[in-house]
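Below is one structure, written out as structure tokens; comments come after it.
What you see below is based on every heavy atom in this structure, not just the backbone, and it leaves out hydrogens, waters and symmetry mates. The model shown is predicted, which means the values in this text are computed figures rather than measured ones.
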Amino acid sequence: MEEGVTIAKVPDWLTLKPEMMAHLIREHDKIGRTLTEEETVTLLRSLGFEIAEPM
């Protein structure tokens, strides 16, 4: 992966953890484009990360 490439859009309320990055990079490489905010949240939730929007 090239340095400086945007792999995923992340909602302002979501704090990424280092263990999430490998999954986001893999998905970005698979689909060949930047993930949308919705795709990022959906992917991380499907992998078992607890992600809840603030109330």
Side-chain angles (χ1 to χ4, degrees):
M1 168 164 300
E2 294 177 39
E3 188 173 327
V5 172
T6 301
I7 60 170
K9 304 270 184 186
V10 180
D12 292 338
W13 52 265
L14 176 61
T15 302
L16 288 180
K17 297 177 183 169
E19 57 269 21
M20 296 174 174
M21 293 306 297
H23 300 290
L24 295 174
I25 292 168
R26 193 173 312 116
E27 187 69 11
H28 171 270
D29 289 345
K30 184 172 125 183
I31 64 173
R33 62 174 173 74
T34 301
L35 281 74
T36 65
E37 287 185 7
E38 183 177 332
E39 290 170 328
T40 299
V41 171
T42 301
L43 172 67
L44 295 174
R45 283 180 177 152
S46 74
L47 294 168
F49 292 103
E50 288 189 35
I51 297 174
E53 292 185 51
M55 295 289 171

Can you name the side chain to side chain donor-acceptor pair (under 3.5 Å) partners of E27, sequence neighbours left out? none
Under a 4.5 Å cut-off applied to non-hydrogen side-chain atoms, are H28 and T6 in contact? no
Tell me whether S46 contacts the main-chain N or O of L43 through its side chain, where contact means a donor paired with an acceptor under 3.5 Å. yes
side-chain contact (heavy atoms from CB on, under 4.5 Å) for M20 and T40? Distances and angles first, verdict last. CA-CA 10 Å; M20 296 174 174; T40 299; over 6 Å; no
For residues 14-26, pull every pair meeting side chain to side chain donor-acceptor pair (under 3.5 Å), keeping only residues two or more places apart or in separate chains. H23-R26
Enter the distance from D29:CG to L24:CG here, rounded to the nearest 0.5 Å. 11.0 Å
For R45, what residues pass the side chain to side chain donor-acceptor pair (under 3.5 Å) criterion, not counting sequence neighbours? none
Would you give me the side-chain donor-acceptor pairs under 3.5 Å for residues 7-14, sequence neighbours excluded?
none

Measure across E39 and T36 and return the closest heavy-atom pair with its distance rounded to 0.1 Å. OE1-N, 2.8 Å
Sorted by chain and number, sequence neighbours left out, side chain to side chain donor-acceptor pair (under 3.5 Å) with T34 holds for none
Nearest 0.5 Å, what's the CG-CD1 distance between L35 and I25? 11.0 Å
